[in-house]
Amino acid sequence: MGDNLDDLYRDIIMDHYKYPRGKKKLEKADVKNEGKNPVCGDEIEVSLKVNSGKVEDISVECIGCAISVASGSMLADAIRGKTIDEVKKIAANIKAVLIGEKAEEAVELGDLEALEGVNKFPVRVKCALLSWTTLIDGLEAWETGEGKNGSTTE
Amino acid sequence: MKSENTGGTILREKREATAGFDPEAIMADFPILTRKIGSNKLVYLDNAATTQKPTSVIEALNSYYRVMNANVHRGLHTLAEESTAAFEEARRKTALFIGGVKSEELIITRNATESINIVAASWGRKNIRRGDRIVLTEMEHHANLVPWIALSKETGAELAYIPIDSQGVLDLENIDSIITDNTKIVSLTQMSNVLGTINPVEEIGRIAHAAGAVFLVDGAQSAPHMPVNVKAMDADFYVFSAHKMLGPTGIGFLYGRENILNSMEPFLYGGEMIREVRYDYADWNILPWKFEAGTPNIAGAIGFSPALDYLNSLGMESIRDHEKKLTAYAIERLSEIKGIMIYGPKDIESRGGAVSFTHGEIHPHDLATFLDSRGIAIRAGHHCAQPLVKKLGLNATARASFYIYNTNSDIDDLAAGLAEAWRYFGHG
Ligand SMILES: Cc1ncc(COP(=O)(O)O)c(C=O)c1O
């Protein structure tokens, strides 16, 4: 690790950490899943309202480190208004960025690019992944009609 | 008169610093302490997890493989004789170190965790039934928690916990309703790895024995940091790990009272632990080898000898005094920092040098990453004591823990880092 702290805690990440978006609870959610990394103590709840195949609204409530909170907040910003298919592509891209690989189908990530710095801190990758894994697990359970209860990236 | 007095005080202080305990000189014996983390010097404050190793230990490991390597208790050649003698010498030294128990009563294991597992599996399965009670405390490490949870699941025995109060000290007020007549074992840590609390093991041991229970003390955090006398505390079992006290990893100990060890079945079966084997028959070796199946960590045990020499040359009383001063200074400095909340007793006499804290809303993992960027190594998380950390109303804490080579200057670095972290993570 060493000195490249500002590469991890980039300005955009710190802004999302201090002022997380999408924290308000949804009245009636279509998709709901909880994620937990017990070793870290991070906990997250992701809920979505889906309308004609698009994410109409989203809520992300996260108790955790700066990276997991910021990642969840950026997720809320990034997927609002997107189709389920687009959401999955973004999530796959984020995963690739975090583990330092190229995604199969690259999409424009915008602010989410800031998460790239996390891949130099291997122990923190799971923090950044928690919200995305929780979202995708929740979506898949919703699509297949199976009740998904709980995700983890540890 | 006045100037003479001052001069005398300074002289005395100087003499005490050099003749007594000199962390600067000690530091020179630990090669790792000269390394850099990025561009910063390493400040190692994660000693409750594992300690660094002095040159003498590193050399002993090296020299064992260079000039002595041979399996123990088997060969009839010079190397085997030498390695067996050195291996058994390490056992003898360790037996002396914990208060002069018999070598036969000291089993060499991989670590404290394995030692507790041996007791839970071998003694526990034989002696614990449905309706019996296993008593632990709320501050146990998973190593002294999970083996008993598993045993309780298997046997149907119940678990009961001695609670902690708001200071993180064991509350013994209702002890008689916890250590009951159906209690078969009382197992607790001598020092908490999260709160630093030193528990009154002698007193609890007396209560356990009065109830007819067996008494296990987890010494993983105490044996490295204070004088320990297993006989004085009247423990039936005492466990600890070499790596937390200057020694190599992969070496731990299980002290057990001779008659209890003799009544137990072996934990692992194979070579070394047998006396006679036929195709349809085997009987067991005598203590301690009955519990040491297979080739042990020979280099590790032999490498632990100079670690004990090192601790003995400093003296465990002096080590405890040094850590008391460091801990008092750490509590004082950290308390001055806005946002810091310290857990565990504030009274230095009743605690050791593991200091857990939180820093406002900053997640302990962010703190650890931030401090690491300044070369400061602390631990963050649940410290393998999830129920305790939850009981404190938290998901994680940060923890600084000290040893012989730490100085007030390390604590100053920590304090400066924590104050800086407060600004970095957005608190003005
Ligand atoms: C109180 C206590 N007990 C047991 C252990 C387990 O030690 P080991 O991992 O060496 O088996 C630890 C280590 O952190 C500890 O702090």
Side-chain angles (χ1 to χ4, degrees), chain A residues 1-21 23 34-45 60-73 98 114-115 117-131 150 152-154, chain B residues 35-44 46 49 142 145-146 194 343 356 358-399 417 420-428:
Chain A
M1 288 192 206
D3 305 277
N4 46 355
L5 196 64
D6 293 340
D7 209 26
L8 177 65
Y9 299 114
R10 294 182 183 183
D11 290 344
I12 297 173
I13 289 186
M14 292 306 272
D15 189 67
H16 279 272
Y17 163 57
K18 287 173 202 168
Y19 313 103
R21 336 287 202 252
K23 265 179 80 164
E34 279 174 28
K36 228 183 215 186
N37 283 347
V39 174
C40 290
D42 290 356
E43 289 172 16
I44 195 162
E45 190 179 296
V60 177
E61 289 173 279
C62 181
I63 304 168
C65 67
I67 304 302
S68 61
V69 170
S71 179
S73 163
L98 287 172
L115 288 170
V118 178
N119 76 31
K120 295 202 196 75
F121 294 77
V123 294
R124 306 304 292 276
V125 167
K126 63 178 182 203
C127 315
L129 270 181
L130 181 61
S131 53
T152 184
T153 56
E154 278 180 339
Chain B
R35 83 156 273 186
K36 296 222 140 124
I37 303 297
S39 59
N40 296 289
K41 93 172 197 304
L42 168 66
V43 175
Y44 187 76
D46 194 15
H142 293 167
L145 199 54
V146 184
V194 176
Y343 301 89
S356 275
T358 49
H359 199 7
E361 295 292 305
I362 308 173
H363 193 283
H365 284 186
D366 289 322
L367 262 189
T369 299
F370 181 85
L371 292 172
D372 182 60
S373 76
R374 304 175 134 234
I376 304 167
I378 63 155
R379 173 84 188 264
H382 53 58
H383 318 288
C384 295
Q386 282 183 13
L388 170 60
V389 172
K390 199 143 259 157
K391 166 121 191 172
L392 298 173
L394 303 167
N395 282 322
T397 76
R399 179 189 71 193
E420 191 56 41
W422 188 250
R423 288 186 285 278
Y424 190 89
F425 290 101
H427 301 275

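Note on naming: letters A, B, ... go to the chains in the order of the sequence lines (proteins, then strands), and numbering restarts at 1 for each one. Atoms considered below: every heavy atom in the structure, side chains included; atoms not considered: hydrogens, waters and symmetry mates.
Within a 6.0 Å sphere centred on NZ of A:Lys36, other residues, nucleotides and ligands contribute 12 heavy atoms or fewer. More than 12 heavy atoms of other shown residues, nucleotides or ligands fall within 6.0 angstrom of atom NZ in B:Lys41.
For the residue pair B:His363/A:Asp42, the side-chain donor-acceptor check at 3.5 Å is satisfied. If you check the side chains of A:Tyr17 and B:Asp366, you find no donor sitting under 3.5 Å from an acceptor.
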_A:Tyr9 and B:Phe370: CA distance, side-chain angles, deciding distance, ring-ring contact (aromatic ring centres under 6.0 Å, His included) verdict_ = CA-CA 10 Å; A:Tyr9 299 114; B:Phe370 181 85; 7.9 Å; no

_Please evaluate residues A:Asp6 and B:Tyr424 with respect to the criterion side-chain contact (heavy atoms from CB on, under 4.5 Å), reporting the C-alpha separation (whole Å), side-chain torsions for both, the decisive distance (0.1 Å), and the verdict._
CA-CA 10 Å; A:Asp6 293 340; B:Tyr424 190 89; 2.7 Å; yes

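Every side chain to side chain contact (heavy atoms under 4.5 Å, CB included) that A:Ser131 has, sequence neighbours left out, goes to A:Ile44, A:Ser71, A:Leu75. Under the salt bridge (Lys or Arg N to Asp or Glu O under 4.0 Å) criterion, A:Glu43 pairs with no residue at all, not counting sequence neighbours.
A:Leu5 approaches B:Ser373 most closely through the heavy-atom pair CD2-OG, 3.3 Å.
The NE2 atom of B:His365 sits 4.5 Å away from atom SG of A:Cys40, with the distance rounded to the nearest 0.5 Å.
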